[in-house]
Amino acid sequence: MADMGQKQPVYRNEWKYYISLWEAEALKGRLRPFLQPDPHAVNGSYTIRSLYFDDYWNSSYEEKLMGVEERQKWRIRIYDYSDGRISLERKKKQGSYIHKDAAVITRREYEQILNQDFLFLLSHPAALCREFYYECVSRLQRPKVIVDYEREPLICSEGNVRITFDRDVRAAVGGWDIFDPELPTLAALDPGMLVLEVKFTQFLPGLIQKLLPSFGQEFWAISKYTLCYERAHYLTDTLAGITKTSGRNENEFRGLF
């Protein structure tokens, strides 16, 4: 029997669309009278940088390709290239529902993880860090790719709604210094496209739902990690081999470094 005192994780709905830049501007114009800018977004947007991990078998990547309903992935996330908040996160997904656990770590702890000095995680006060220790030593979770993008968020308190416009999705290459804004990047989306994400917990107000894309888009199982890993794996993943290709080759970017 489940522990009645144990807090159950809250899963949120997550819908994703590919839309064009001009469609995004039209949609923002329709939504702004009913949603508010995120107060954390200076001038309306911010840069997200995430270092994604995967295990020895690339389970997160492979399960995404196979369409496994229940899966998870690990990442370390910062905002605007700052070490003011460094967050170790585990994102769990069940179909179109998501749940995210997060723990704040220091820059020194980040560097310890990069150096494969995992022992401190075992005694970390955050339970998520202790679970990450197990992942690192038993499943060999290692850095795979850095994902960058610019996010413009709109929020609505009714239903705990968050709608984000993520543009310029790109893979950063050349090292694992996530605080370096000068890392070279490779575009992961077609020109003129961005990712629209709609997240809500309790419900999506009918008015907002009616304002969402009505020009033929369907939900997409979009993974920025997968997009960027396929774009740059041969530069970032020493265990990638030659099987994960996206129609590009190393010669295309020779001279970047």
Interatomic distance, OH@Tyr52 vs SG@Cys228, rounded to 0.5 Å, equals 8.5 Å

Checklist entry - Step by step, would you call Arg162 with Arg12 a side chain to side chain contact (heavy atoms under 4.5 Å, CB included)? => result CA-CA 10 Å; Arg162 185 175 182 83; Arg12 303 187 70 191; 4.3 Å; yes

N/O donor-acceptor pair under 3.5 Å between Asp80 side chain and Ser82 backbone: no

In this structure, CD of Glu89 is separated from NZ of Lys73 (nearest 0.5 Å) by 11.5 Å

Would the number of heavy atoms belonging to other residues, nucleotides or ligands and lying under 6.0 Å from CG of Asn115 be above 12?
yes

Connected via hydrophobic side-chain network under 4.5 Å: Phe165 and Phe200: yes

(message) Within 45 degrees of the ring normal and closer than 6.0 Å to the centroid, is that where the cationic atom of Lys144 sits relative to Tyr225?
(response) no

CZ of Arg142 to CG of Asp237, rounded to nearest 0.5 Å, is 12.0 Å

Residues joined to Tyr11 in its hydrophobic cluster, side chain to side chain under 4.5 Å directly or through other members, sorted by chain and number, are Tyr97

In short, Leu88 meets Leu128 closest at the heavy-atom pair O-CD2, 3.4 Å

Problem - Worked verdict on Glu131 versus Trp74 for side chain to side chain contact (heavy atoms under 4.5 Å, CB included) - result: CA-CA 11 Å; Glu131 293 182 51; Trp74 292 86; 4.3 Å; yes

With a 3.5 Å cut-off and no angle check, do the side chains of Tyr229 and Asn58 form a donor-acceptor pair? yes

Open item on the list: Are the side chains of Lys91 and Arg75 in contact, using a 4.5 Å heavy-atom criterion?
Closed with: yes

For Arg130 and Pro125, the nearest pair of non-hydrogen atoms, with its separation, is NH1-O, 3.3 Å

(Q) Check for me, please, whether Ile76 and Val145 land in the same ILVMFWY cluster - side-chain distances under 4.5 Å, paths through other members count. (A) no

Closest non-hydrogen atoms of Ile163 and Leu35, given as atom of the first, atom of the second and distance, are CD1-CD2, 3.9 Å

Ignoring hydrogens and geometry beyond distance, is a side-chain donor-acceptor pair present between Arg77 and Ser50 at under 3.5 Å? yes

Going by heavy atoms in the side chains, are Val173 and Thr185 under 4.5 Å from each other? no

Open item on the list: Please say yes or no: joined through hydrophobic side-chain contacts below 4.5 Å, possibly via intermediate residues, are Tyr149 and Leu183 part of one cluster?
Closed with: no

Self-check item: Sidechain-backbone polar pair: Glu23 side chain, Ser20 backbone, donor-acceptor under 3.5 Å
Solution: yes

*asked:* Applying side chain to side chain contact (heavy atoms under 4.5 Å, CB included) to Val147 and Ile48, what does each step give before you reach the verdict?
replied: CA-CA 8 Å; Val147 175; Ile48 291 179; over 6 Å; no

Rounding to 0.5 Å, atoms CG (Leu227) and NZ (Lys64) come to a distance of 8.0 Å

Within the 3.5 Å criterion, strictly below it, is a donor on Trp57 or Ser59 matched to an acceptor on the partner's side chain?
no

- prompt: Taking side chain as C-beta onward, heavy atoms only, is Phe132 less than 4.5 Å from Phe118?
  reply: no

Nearest heavy-atom approach of Gly175 to Ile146 is O-CD1, 3.5 Å

Sequence neighbours excluded, the answer for ring-ring contact (aromatic ring centres under 6.0 Å, His included) partners of Tyr134 is none

Going by distance alone, is a donor N or O of one side chain under 3.5 Å from an acceptor N or O of the other, for Thr47 and Glu150? yes

Start with the C-alpha gap between Leu235 and Leu186, add the side-chain angles, then the distance that decides, and say whether side chain to side chain contact (heavy atoms under 4.5 Å, CB included) holds.
-> CA-CA 11 Å; Leu235 294 172; Leu186 309 175; 4.1 Å; yes

*Mind checking whether Tyr133 and Phe120 have side chains closer than 4.5 Å, heavy atoms only?*
no

Practice item. Taking the side chain as every heavy atom from C-beta outward, state whether Phe34 and Leu154 have any atom pair closer than 4.5 Å. Key: no

For the pair Arg167 and Glu152, evaluate salt bridge (Lys or Arg N to Asp or Glu O under 4.0 Å) and give the outcome as yes or no after the intermediate values.
CA-CA 8 Å; Arg167 58 181 174 80; Glu152 183 175 349; 5.7 Å; no

query = Taking the side chain as C-beta and beyond, is there a heavy-atom pair between Arg107 and Ile86 under 4.5 Å?
reply = yes

Rounded to the nearest 0.5 angstrom, the CD-CG distance for Glu135 and Asp55 is 7.0 Å

Rounding to 0.5 Å, atoms CZ (Arg90) and CG (Asp101) come to a distance of 4.5 Å

So, is the end of the Arg49 side chain (NZ or CZ) under 6.0 Å from the ring centre of Tyr81 and within 45° of the ring's axis? no

All heavy atoms of Thr236 vs all of Ala172, minimum pair found to be CG2-O, 4.3 Å

Do Thr106 and Asp83 have side chains that get closer than 4.5 Å, going by heavy atoms? no

Starting from Leu212, can I reach Leu21 by hopping between I/L/V/M/F/W/Y residues whose side chains sit under 4.5 Å apart?
yes

Would you mind reporting whether Arg85 and Ile78 have side-chain heavy atoms less than 4.5 Å apart?
no

*asked:* Between Val161 and Phe203, is there shared hydrophobic-cluster membership here, with clusters defined by ILVMFWY side-chain heavy atoms closer than 4.5 Å?
replied: no

| request: Would you check, one step at a time, whether the test side-chain hydrogen bond (donor to acceptor under 3.5 Å, both in side chains) holds for Asp190 with Tyr18? | output: CA-CA 10 Å; Asp190 292 335; Tyr18 286 119; over 6 Å; no

The test is salt bridge (Lys or Arg N to Asp or Glu O under 4.0 Å); show your working for Lys28 and Glu25 and say whether it passes. CA-CA 5 Å; Lys28 283 185 278 188; Glu25 289 305 312; 2.8 Å; yes

So, Arg231 side chain and Ala187 main chain: donor-acceptor pair closer than 3.5 Å or not? yes

- Donor-acceptor pair, side chain of Ser60 and main chain of Gln72, under 3.5 angstrom: yes

*Return yes if a side-chain donor-acceptor contact under 3.5 Å exists between Tyr17 and Glu197, otherwise no.*
no

Residues Ile208 and Cys156: closest non-hydrogen pair is CD1-SG, 3.9 Å

